[in-house]
Novice: 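What follows is a single structure, and I will ask about it in a moment.
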Amino acid sequence: MNTSAATLKDRRRLALQRLEAQRRSGLGPRRVPHSASRVDAPPTTAFYVIALVVVVFVMLGLVMVLSASATALVNEGQSPFHYFNRQLLWTSLGAVGMGLAVRVDYDFWRRLSVPMLIVALAGMALPFVPQVGINVDGAQAWIRIGPLTMQPSELLKVAVVIAAADLLSRRILVLHDSRRVLAPIALLAAAASGACLVQGDLGAAIVLGAIVVGAAFVGGVPMFPLSVITASALATTALFVVSSERRMARFTALADIAGQKDHQSYQTWQGFLSIANGGILGSGVGEGKGKLGYLPLAHSDFIFAVIADELGLIGAFAVLGGFALLVYFGIQTALAAPDRFGMVLAGGISVWFAVQTIVNVGGVTGLVPVTGLTLPFFSAGGTSLFVSMAGAGLLLNVARRAG
Amino acid sequence: MKPYDERVAERRAATETRRARKLEARTKKTAIKAARPPRPPRFKAGQPRRRLLVSLCLLVAVLIGLLVRVGMLQTTQAAGLRSAGSQQWTRSQTVPAQRGSIFDRDGAEMAMSIPASTVSVNPKEVGDEAGTAELLASLLGLDDDDRRSLRTTLQDKERGFAYVARQIDARVALQIDALGLRGVYVAREDRRIKPGGTTGSSVIGDTDIDGKGIAGLEMEFDKVLTGTSGEITRQVAPGGRSIAGSETVLTGPEPGNDLMLSIDRSLQFTAEQGLLGQVSAVKARGGSLIVMDTDSGEILAMTSVKRNDAGVYEVTSGNFAAVDTYEPGSVAKAITVASALDAGVVTPRTSFVVPWEKQYFENDPLLLHDAGYHPTQAMTVDQILVSSSNIGTITVSEQMGVEKQVDYMRAFGLGELSALGFPGESAGILEDAEDMQGTEMKTIAYGQGVSVTAVQLIAAVNTIANEGTYVAPELVIGTLDGDGEFHESKPEPSRQVVSPTAARQTTDMLKGVVCRGTAKRAQVAEMPIAGKTGTGLKAQENGTYYDDKGNKAYYASFVGFMPADDPQVTMLISIDEPPAGSGDRFGGTAAAPVFAQLAPAVIQELGLTPPPGGNGCPQE
């Protein structure tokens with residue numbers, strides 16, 4: 001009987017919906033993680049390589065932060081270990097965050113995706129709260145809590161990559177659906193990047209946009225609508241650049257870095273001098289000159305220039321090669337992920353690390369404008385380090401279950 | 001009533017209908033969605049696997065591109081960038097070598113450099129102008145005016161450098177350095193001092209504030225004293241502050257060599273005081289004094305004093321004894337007589353008839369005359385020199401002719417630079433005989449028409465004292481290098497100018513000058529002295545001996561040596577412009593007494609033993 005068959009299907013659908021609702025609200029029966037059986041299996045090569053790269057990066061980063069900041073700090077009459085100690089503190093916090101991200105099943109984080117996104121987006125408003133927000137170099141992107149300064153846009157990166165992966169894996173069958181997938185994805189990108197642009201932080205906006213677009217690309221969103229979203233994001237960015245004379249000048253200065261070395265491209269030029277000073281073998285740790293006070297933000301945004309100076313082309317190869325390894329094994333993890341969420345998550349995080357590195361190093365080497373972006377794992381900056389390590393933890397989490 | 005079955009059937013049917021309706025309604029509800037035919041996907045979903053690999057390739061390619069870019073900056077484009085970089089963050093700096101000391105002949109310091117520090121500011125770097133000015137002013141002990149001007153300097157952000165205090169006590173500088181004020185710099189800069197005050201300053205000269213010799217021996221031997229500056233490079237933070245420990249010494253500074261002078265510091269002091277006393281007593285314009293070792297030509301004391309604008313007499317830092325020239329007057333008669341004796345045209349006893357005045361050229365009505373009237377009389381050469389007769393001396397000179405007179409004067413060292421090589425030293429003026437005009441050919445015999453420096457004159461008279469042998473005057477007897485090794489100055493060649501006999505005969509006459517002639521006031525007990533006075537007329541700016549008001553200006557001098565029979569030391573005293581109207585305008589009255597006054601100190605200092613027989617002058 002036609003009707004009864006429809007009824008039965010209906011009833012099953014209703015039951016499933018109810019269960020889903022219960023599960024989502026946390027009231028449903030505790031489900032055994034589908035990948036639990038694999039946790040005891042030996043981790044994959046990707047797991048080890050990613051873990052090794054991250055550990056080496058963080059340790060090398062600590063050394064370089066000390067080297068890059070000590071002299072300038074002494075000249076200012078501060079302790080040479082000021083930034084180093086802070087970075088060390090954040091490394092231990094980051095280690096905890098990374099451990100949690102690895103050990104806790106990623107389905108847990110997935111279930112928290114919406115609340116995390118809401119909290120992170122709300123946090124983006126904090127820099128505008130008087131007495132909490134700090135304006136650094138024209139960007140209202142930092143907050144101060146007690147002795148610590150934090151950058152909410154960094155936390156947003158983790159929230160956005162999880163949210164995007166969750167959305168794309170749940171609506172896998174309707175990826176072409178403009179209302180259920182395309183619009184939310186576009187909205188996510190717009191909200192995250194837009195919040196950064198409002199703060200005046202172009203670098204973070206680019207990375208967040210890249211994370212969403214990257215996840216959507218990896219997640220299989222059809223090419224045409226994805227291109228439209230990407231194109232409109234790029235157009236917005238362009239508009240943002242053109243709208244400010246300062247940003248525009250930074251952009252046009254790229255064409256004549258040597259000529260503008262005392263003005264617009266001072267930082268880039270100083271970066272060049274440091275990089276060139278290193279040569280192939282490097283000038284040796286502690287021997288760099290730019291960090292004496294010539295190179296602005298030598299310990300944070302421009303730490304790559306100090307690495308290229310003190311460790312030479314070999315050091316630059318190690319850093320960029322390390323990121324290439326991270327991306328390679330990140331993508332391998334995505335390919336071998338046990339489910340769609342894991343795949344998109346691993347892919348998104350890989351794109352995140354790669355794009356942030358490219359924009360940062362591209363800025364230091366004068367290929368793109370300097371946008372005020374940290375080099376993941378290396379640059380001094382607590383939130384950046386913590387979030388990078390947490391992101392790496394999520395990647396490792398997927399890698400543990402891959403295979 | 002309907003049968004039960006019917007009712008049941010109705011009820012059932014109703015239930016069925018109700019259920020059917022309910023179901024229909026429910027089906028309808030869900031069917032809204034189900035019924036809508038699934039929209040055919042306009043766009044095809046991508047294949048994650050392929051897209052992941054595309055992402056991987058893309059991202060890794062960009063990373064490789066970045067590495068290539070870094071490699072280019074570090075290799076092919078590195079050269080220009082590196083030199084721009086090192087220009088920016090390293091500074092090379094010269095380290096001035098310590099300037100050598102100037103010692104007297106006994107090794108006592110006459111000029112030396114002592115460590116000091118200089119404080120400078122870079123107003124561009126100074127943040128807190130008021131506070132910085134206040135701190136510096138209180139540490140340096142500046143008064144209110146200086147404090148205000150310092151503050152103005154600090155506020156002038158156009159300037160990148162300004163001195164605050166130079167060559168101050170190193171301890172004060174150390175305190176300032178310890179404050180670590182932004183834009184305030186402390187550097188070592190030696191201070192040049194003369195431990196003996198003005199003693200010898202005429203000879204030593206001066207250095208400028210930068211330690212460069214600008215006068216006297218400081219200037220003449222600037223290269224020797226300066227040494228070779230070293231070079232260090234250091235790394236600097238923006239704004240020029242050095243990075244501690246980054247200094248690299250490229251070449252160390254080589255300290256300058258020390259000079260050892262022939263000057264005897266205590267004799268120099270005594271001479272200066274004696275001359276100052278006499279010059280101020282007679283109210284002259286200035287004066288010079290030289291003490292010379294007869295055998296070697298080494299100058300034991302040499303000084304010039306002058307009345308400054310405030311009317312106070314002081315030792316000058318200009319060595320006018322070597323720089324200024326004047327017409328020596330009668331002192332030159334000794335040279336003329338010694339020359340004539342050497343030429344063999346006269347003997348001490350040769351006698352001439354000498355009028356007190358004489359016209360030499362028919363077309364020139366000018367009469368030359370002696371200092372005072374005397375009847376025309378026969379005079380021996382000895383008498384001519386002792387009484388300092390101008391006409392008599394011309395007569396003696398005429399015996400050998402003006403060419404020979406000039407040749408002898410040149411041989412005595414007049415008209416040419418002495419071996420001292422002193423900065424600004426003058427050669428004097430001694431024209432060749434054929435260039436001379438009119439009475440010059442005659443007056444040159446008694447020292448008018450020739451101009452000389454005091455150094456030339458003492459060296460010339462010293463030739464007579466030294467048995468006819470000219471020895472060049474010498475001030476620097478050697479240098480001491482960094483290892484303390486002494487390098488003796490190359491001796492200048494000496495030359496026989498007149499025969500020992502001629503020199504001795506002249507010396508005997510010069511003894512007479514002191515005993516019975518114009519230089520009686522140079523006499524000292526126990527020590528025989530020979531010498532000659534001179535009262536030269538100073539040539540005025542208009543070329544005559546009279547200034548525009550018709551006044552004459554004198555240059556009174558005395559050159560003598562002792563012991564007369566075995567001369568050891570020669571001394572020149574000249575008094576510049578003693579008051580024209582006073583009795584002190586003559587060499588015998590203005591200059592000769594200084595000799596007598598200083599002689600005991602010279603005898604004492606040089607350990608001269610007076611010969612038996614007192615001063616050799618017949619008792620009157």
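Every chain is numbered from 1 and lettered A, B, ... according to where its sequence line falls, protein lines coming before strand lines.
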Novice: Can you pull the ring pair (Phe, Tyr, Trp, His ring centres under 6.0 Å) pairs that have at least one residue in residues 158-177 of chain B, sequence neighbours excluded?
Specialist: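 Counting only pairs at least two positions apart or across chains, the ring pair (Phe, Tyr, Trp, His ring centres under 6.0 Å) contacts touching residues 158-177 of chain B are B:F161-B:Y163.
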Novice: Which answer fits A:T365, side chain, backbone, both or neither, if we ask what part of it has an atom under 4.5 Å from a heavy atom of chain B?
Specialist: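 Both parts, backbone and side chain.
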Novice: Could you give the distance from CZ (B:R51) to CE (A:M343), rounded to the nearest 0.5 Å?
Specialist: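 It comes to 10.0 Å.
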Novice: Only pairs under 3.5 Å count here: list side-chain donor-acceptor contacts from residues 272-282 of chain A, not counting sequence neighbours, and write none if there are none.
Specialist:
from, atom 1, to, atom 2, distance (Å)
A:S274, OG, A:Q270, O, 3.3
A:N277, ND2, A:D309, OD1, 3.1

Novice: If you look only at pairs with a residue in residues 59-72 of chain B, which of them pass as a side-chain hydrogen bond (donor to acceptor under 3.5 Å, both in side chains), with sequence neighbours excluded?
Specialist: none
Novice: Can you measure from OG1 (B:T90) to NZ (A:K289) and round to the nearest 0.5 angstrom?
Specialist: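 With rounding to 0.5 Å, OG1 (B:T90) is 8.0 Å from NZ (A:K289).
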Novice: Measure from the side-chain N and O atoms of A:Y294 to the backbone N and O of B:Q88, and report whether any donor-acceptor pair falls under 3.5 Å.
Specialist: yes
Novice: Rounded at 0.5 Å granularity, tell me how far CD1 in B:I64 sits from CG in A:L320.
Specialist: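 So the CD1 of B:I64 and the CG of A:L320 are separated by 10.0 Å.
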Novice: Tell me the residues of residues 70-78 of chain B whose non-hydrogen atoms fall below 4.5 Å from those of chain A, in number order.
Specialist: B:V70, B:G71, B:L73, B:Q74, B:T75, B:A78
Novice: Determine the sole option in A:L335, A:T333, A:V344 for which the side-chain contact (heavy atoms from CB on, under 4.5 Å) test with B:L52 is passed.
Specialist: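 When side-chain contact (heavy atoms from CB on, under 4.5 Å) is applied between B:L52 and each of A:L335, A:T333, A:V344, only A:L335 qualifies.
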Novice: So for atom CD, which belongs to B:E254, do other residues, nucleotides or ligands contribute more than 12 heavy atoms lying within a distance under 6.0 Å?
Specialist: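 Check fails, neighbour count at 12 or below.
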Novice: A:F353 and B:L59: side-chain contact (heavy atoms from CB on, under 4.5 Å), yes or no, with the steps?
Specialist: CA-CA 10 Å; A:F353 288 160; B:L59 294 173; over 6 Å; no
Novice: More than 12 non-hydrogen atoms from neighbouring residues, nucleotides or ligands closer than 6.0 Å to CD on B:Q87, yes or no?
Specialist: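 Check fails, neighbour count at 12 or below.
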Novice: Atom CG of B:L66 and atom CD1 of A:I358: how far apart are they, to the nearest 0.5 Å?
Specialist: 6.0 Å
Novice: If I measure from the heavy atoms of chain B, does A:A216 come under 4.5 Å with its side chain, its backbone, both, or neither?
Specialist: backbone
